[in-house]
Amino acid sequence: MLSRAAILSGQNSRALVAFARATATSPANNAAESTSSSSLPRPVRQEAGRVRYGFIPEEWFEAFYKKTGVTGPYAFAFTFSTYLVSKEIYVLEHEYYSGLSLLIMWTYGIKALGPKVAAYLDKEVDDYEKGWNQERVDEKANLEDQIKNEEKLQWSIEGQNLLIQAKRENVALQLEADYRARLLSAYQAVKSRLDYQLEKTNAERRIAQKNLVEYVIAKVKASITADQEKQNIDRCIADLALLAKA
Amino acid sequence: MGLGDYPADYNPSVHGPYDPARYYGKPDTPLSQVKLSELGSWLARRNKSPQAVAGAFSRAFWRWQHKYVLPKRSGIAPFLQLVFGSMGVFYVLNYGRISSHRNYKYH
C-alpha cells in the first residue's frame with residue numbers, strides 16, 4: 001500500500017528530471033571552431049593615412065627629414081616650382097589663374113564647411129556601424145537571457161525534488177492518520193458489539209429473575225389458604241399483645 | 001592565369017583571405033633600398049610582362065584605396081589627390097597645346 005502510494009506520488013519523477021537535465025546541458029557542437037581558416041590572419045581595416053595641406057602624404061615629407069631637416073621639403077618644392085616656372089615647363093597661361101582662384105575658393109570652402117561635414121559624416125558612419133552591430137548585440141543579449149532562464153528553470157526543477165519529498169511525507173502522514181482512524185473505528189465497532197452483548201445478557205438475566213420472583217410470589221400467595229391467614233393474623237395479634245405486655 | 005583569376009602564387013590555406021593590395025610572390029629588395037650599382041640587375045630581375053605590369057598597377061591602386069579611401073574615417077584627402085593627380089595627368093596630355101602659350105622666346 002505505502003510503496004504503491006510512493007510510486008504514484010512521483011518516485012519516478014527524479015529519473016525524469018535527471019534525463020531532462022542531461023539533454024539540456026549536453027555540450028554544443030564545437031566543430032565550427034576547429035576549422036583551420038579561422039587561425040589565418042584576416043585583413044584589418046587601416047587607419048586613414050596622414051596628409052598635409054589636405055592631400056600630400058606625410059611620408060613624402062618624412063622622406064626628406066633624414067637628409068635635409070624639416071625645411072627640406074618646402075625648400076625643394078619652392079626651388080623645383082621656381083625651376084619649372086622660370087623655364088616655362090609649367091606655363092602660366094589663363095588656366096593657371098583660373099586654377100588659382102579655384103584653389104582659393106576651395107580652400108575657403110573646405111576650411112569653413114569641412115569640420116561640420118566631417119562631424120555629420122562621422123555621426124552617419126557611427127550610426128551605420130551601430131545599425132549593423134545592434135542586431136548582433138541584441139541577439140547575444142537575447143541568447144544570454146535564454147541561458148539565464150534555462151539555468152533558472154533547472155534550478156526550479158531542483159526545487160521540485162524538495163516539493164516531491166514534502167508531498168511524499170505529506171502522503172505518508174495522511175496514510176498514518178487514516179490507519180489510526182481506521183484502527184480506532186475498528187476498536188469502537190468491536191467495543192460497541194461487546195457492549196451490546198453485555199447489555200443483552202444483563203437484560204435477559206434481569207427479566208428472568210423478575211419473572212422467577214413473580215412466579216414464586218404468585219405460587220406462594222396461591223398456596224396460602226384462609227385458615228392459614230386467620231392463624232397468622234391471630235399469631236400476630238398474640239405477638240403484639242406479648243410485646244405490649246413486655 | 002586568365003582574367004579574374006587569383007595570382008598563381010596565392011594559396012588560400014597559407015595566406016588566408018585574399019588581399020588585392022598584397023604581392024604574393026617572393027619579395028625582392030625594395031626599390032628604396034637598392035644601391036645604384038645594383039639597379040641594373042634589379043631592373044633585369046623585374047617581370048615586364050603585361051600581366052605583371054597590370055598587376056603592379058592594380059596593387060598600387062588597392063594600396064591607395066586601403067590607405068586613403070576605405071578607412072572608416074577617411075577625409076577629403078583621396079578626392080583632392082584625385083583632383084591634383086588628374087591635373088598633372090591632363091597637363092601632360094595637353095602639354096603640346098599649353099606650350100604654345102609660352103610668353104618668353106629665350107630661357
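No hydrogens, no waters, no symmetry mates; every other heavy atom, side chains included, goes into these values. Chain letters run A, B, ... following the sequence lines, proteins first and then strands; every chain starts at 1.
Residues A/F55 and B/Y68 place their aromatic rings such that the two centres sit no closer than 6.0 Å.
Heavy atoms of A/E47 lying under 4.5 Å from chain B belong exclusively to its backbone. Neither the backbone nor the side chain of B/S32 comes within less than 4.5 Å of any heavy atom of chain A. The contact between B/V14 and chain A is made entirely by backbone atoms, counting heavy-atom distances below 4.5 Å. Within the 4.5 angstrom heavy-atom criterion, no atom of B/P78 approaches chain A. For chain B, the nearby part of A/L103 is the side chain; its heavy atoms alone come within less than 4.5 Å. Proximity to chain A (any heavy atom under 4.5 Å) is restricted, for B/L70, to the backbone atoms N, CA, C and O. Neither the backbone nor the side chain of A/E95 comes within contact range of chain B, judged by heavy atoms closer than 4.5 Å. B/Y104 touches chain A through backbone and side chain together, each having a heavy atom under 4.5 Å away.
Interface remark: of the candidates B/H15, B/H66, B/K72, B/K72 forms the most heavy-atom pairs closer than 4.5 Å to chain A. Most heavy-atom pairs under 4.5 Å with chain B: of the set A/V125, A/V117, A/L121, A/I89, this distinction falls to A/I89. When the candidates A/V91, A/L92, A/V51, A/I110 are compared by the number of heavy-atom contacts under 4.5 Å with chain B, A/V91 comes out ahead. Note: B/N103 leads B/D19, B/N103, B/I76 in heavy-atom pairs under 4.5 Å with chain A. For the options A/G114, A/P57, A/A63, A/A118, heavy-atom pairs under 4.5 Å to chain B are most numerous at A/P57. Ranking B/R73, B/H101, B/Q81 against chain A, the residue ahead of the rest is B/R73, based on heavy-atom pairs under 4.5 Å.
Counting heavy atoms from C-beta on, the side chains of A/Y120 and A/E124 come closer than 4.5 Å.
For A/E199, the CD atom counts as loosely surrounded, since its 6.0 Å shell holds 12 or fewer non-hydrogen atoms of other residues, nucleotides or ligands.
Checking A/Q154 against A/E150 by side-chain atom types alone, a donor-acceptor pair falls below 3.5 Å.
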Open item on the list: Before you tell me yes or no, could you show the steps for A/E144 and A/K148 under salt bridge (charged side-chain N to carboxylate O under 4.0 Å, His left out), namely the whole-Å CA-CA distance, both residues' side-chain angles and the distance that decides it to 0.1 Å?
Closed with: CA-CA 6 Å; A/E144 269 167 8; A/K148 214 177 282 175; over 6 Å; no

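For the ring-ring contact (aromatic ring centres under 6.0 Å, His included) with A/F76, the qualifying choice from A/F64, A/Y83, A/F61 is A/F64, the only one to do so.
Across B/L39 and B/L31, no two heavy atoms sit closer than the pair CD1-CD1, 4.0 Å. Closest non-hydrogen pair, A/P115 versus A/K111, comes out as CD-O, 3.5 Å.
The cationic atom of B/R46 (NZ for Lys, CZ for Arg) lies less than 6.0 Å from the six-membered ring centre of B/W42 and within 45° of the ring axis.
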